[in-house]
Asker: 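There's a structure below that I have some questions on.
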2 protein chains.
Amino acid sequence: MVNHNKDHLDGIFHALADSTRRELVDMMAEKERTVSELAEPFDMSLAAISKHIKVLERANLVDRSVKGRIHTCRLNTDSLFKATEWLRLYEKYWNKRFDRLENELLNAKKKEH
Amino acid sequence: MVNHNKDHLDGIFHALADSTRRELVDMMAEKERTVSELAEPFDMSLAAISKHIKVLERANLVDRSVKGRIHTCRLNTDSLFKATEWLRLYEKYWNKRFDRLENELLNAKKKEH
DNA sequence: ATTATGATTAACCATGTAGTTAACTATAAA
DNA sequence: TTTATAGTTAACTACATGGTTAATCATAAT
């Protein structure tokens with residue numbers, strides 16, 4: 001049996017492991033965008049951006065609606081949420097670190113007096 | 001000028017885009033582990049795991065200390081924290097979704113009466 | 001001194017990635 | 001009807017990835 005959640009996270013993290021794609025996500029987070037709008041700021045062919053968008057789509061990070069020749073892309077936060085959920089498992093570890101740092105600071109201050 | 005933060009996130013997300021590596025992270029989160037301990041549960045050569053660990057290390061997700069022939073690996077949460085920080089930018093979007101869902105539910109209940 | 005163990009490294013293979021250009025599809029405008 | 005626009009797809013290149021086995025290195029045990 002295959003773990004689909006596993007595959008899903010693979011795809012999500014892989015999609016996010018590219019700064020161009022993260023910038024595309026940024027743009028779509030602000031508001032929905034057409035493919036050409038998304039491509040405009042990049043020094044890269046439309047074909048390349050088209051592929052990047054498809055990677056985001058496969059990872060379920062982006063939904064697309066087609067009207068005539070215009071493809072409109074919008075962020076689908078479900079996958080971002082899943083990625084965050086995985087990372088959240090480890091939140092307590094860096095909280096621990098912060099607590100430790102805080103304590104050290106506190107002790108340092110006490111010594112000053 | 002190169003954006004180092006960008007490169008860093010590339011490496012972090014790429015490191016996390018593999019279920020074997022995520023499982024290694026899980027194991028190290030529980031407690032620090034030697035390389036062989038980390039390799040043990042996997043149906044894969046030690047060499048392969050050694051490489052996976054190096055990917056995690058390059059992404060700053062793992063620190064290693066060597067004592068004799070034993071390499072001990074522990075989680076470094078700094079990078080996990082960075083990844084979470086990036087994702088947290090979008091948190092408001094799924095909160096919006098949840099709010100909308102909540103409202104819909106509320107309205108549905110009102111109609112019942 | 002020899003052998004066994006923990007781990008890395010090198011050489012290799014198959015597959016995947018990120019980009020290119022060129023060809024194509026579909027729709028809108030002249 | 002022709003042409004321009006929005007976008008995808010195909011074929012290609014160069015390089016990275018994830019795995020293998022075999023060789024190597026360093027340390028510990030006999």
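Computation of the quantities below employed the complete heavy-atom set of this structure, encompassing side-chain atoms and omitting hydrogens, waters and symmetry-equivalent molecules.
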Asker: List in numerical order all residues of residues 39-51 of chain A for which some heavy atom is under 4.0 Å away from an atom belonging to DNA chain C.
Answerer: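 Only A/Met44, A/Ser45, A/Ala47, A/Ala48, A/Lys51 qualify.
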
Asker: Can you tell me how far P of C/dA18 sits from CZ of A/Arg22, to the nearest Å?
Answerer: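 Result: 12 Å.
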
Asker: For a quick test of reading the model: is some side-chain N or O of A/Arg21 closer than 4.0 Å to OP1 or OP2 of C/dA18?
Answerer: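 It does, given that an N or O in the side chain of A/Arg21 lies less than 4.0 Å from OP1 or OP2 of C/dA18.
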
Asker: Measuring from atom CG of B/Leu38 to atom OG1 of B/Thr20, what distance do you get when rounded to the nearest 0.5 angstrom?
Answerer: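 One gets 12.0 Å once the value is rounded to the nearest 0.5 Å.
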
Asker: Using the test side-chain hydrogen bond (donor to acceptor under 3.5 Å, both in side chains), find all partners of B/Glu37 that sit at least two apart in sequence or belong to another chain.
Answerer: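 B/Glu37 satisfies side-chain hydrogen bond (donor to acceptor under 3.5 Å, both in side chains) with no other residue.
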
Asker: At what distance, to the nearest 0.5 angstrom, does CD of B/Glu32 lie from OG1 of B/Thr34?
Answerer: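 These two atoms lie 9.5 Å from each other.
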
Asker: Assuming nearest nucleotide by heavy-atom distance, tell me which of A/Thr20 and A/Gly68 is located more 5' along DNA chain C.
Answerer: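 Mapping each residue to its closest nucleotide by heavy atoms, the 5'-most match is A/Thr20.
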
Asker: Between A/Ile53 (CD1) and C/dG19 (P), how many Å, whole number?
Answerer: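 Rounded to whole Å, this separation is 13 Å.
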
Asker: Nearest whole angstrom, please: distance from the C1' of C/dT9 to the CZ of B/Arg58.
Answerer: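 In whole Å, C/dT9 C1' lies 14 Å from B/Arg58 CZ.
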
Asker: If you assign A/Lys54 and A/Ile70 each to the DNA chain D nucleotide with the nearest heavy atom, which residue ends up on the more 5' nucleotide?
Answerer: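 With A/Lys54 and A/Ile70 compared, the 5'-side residue is A/Ile70.
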
Asker: Expressed in angstrom and rounded to an integer, what is the separation of A/His52 atom NE2 from D/dT9 atom C1'?
Answerer: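 Going from NE2 in A/His52 over to C1' in D/dT9 covers 16 Å.
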
Asker: Let me confirm one number: the OG1-CG distance from B/Thr77 to A/Leu87, rounded to the nearest 0.5 Å.
Answerer: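 Those atoms lie 11.5 Å apart.
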
Asker: When rounded to the nearest 0.5 angstrom, what is the spacing between CD in A/Glu57 and OG in A/Ser50?
Answerer: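 Answer rounded to 0.5 Å: 9.0 Å.
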
Asker: Return yes if some donor-acceptor pair links the side-chain N/O of B/Arg21 with the main-chain N/O of B/Ala15 below 3.5 Å, else return no.
Answerer: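 Yes, B/Arg21 side chain to B/Ala15 backbone: donor-acceptor pair under 3.5 Å.
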
Asker: Take atom NE2 of B/His14 and atom C1' of D/dT17, then tell me their distance rounded to the nearest Å.
Answerer: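 Checked: the NE2 to C1' distance equals 6 Å.
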
Asker: Could you give the CD-to-C1' distance, from A/Glu37 to D/dT5, as a whole number of Å?
Answerer: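 Nearest whole value for this atom pair: 14 Å.
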
Asker: What is the distance, to the nearest angstrom, from the CZ atom on A/Phe13 to the C1' atom on C/dG16?
Answerer: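 Rounded to whole Å, this separation is 20 Å.
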
Asker: How many Å lie between NE2 on A/His71 and C1' on D/dT5, as a whole number?
Answerer: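 Nearest whole value for this atom pair: 12 Å.
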
Asker: Closest heavy-atom contact between A/Ala59 and A/His8?
Answerer: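 Nearest heavy atoms, A/Ala59 then A/His8: O-NE2, 3.7 Å.
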
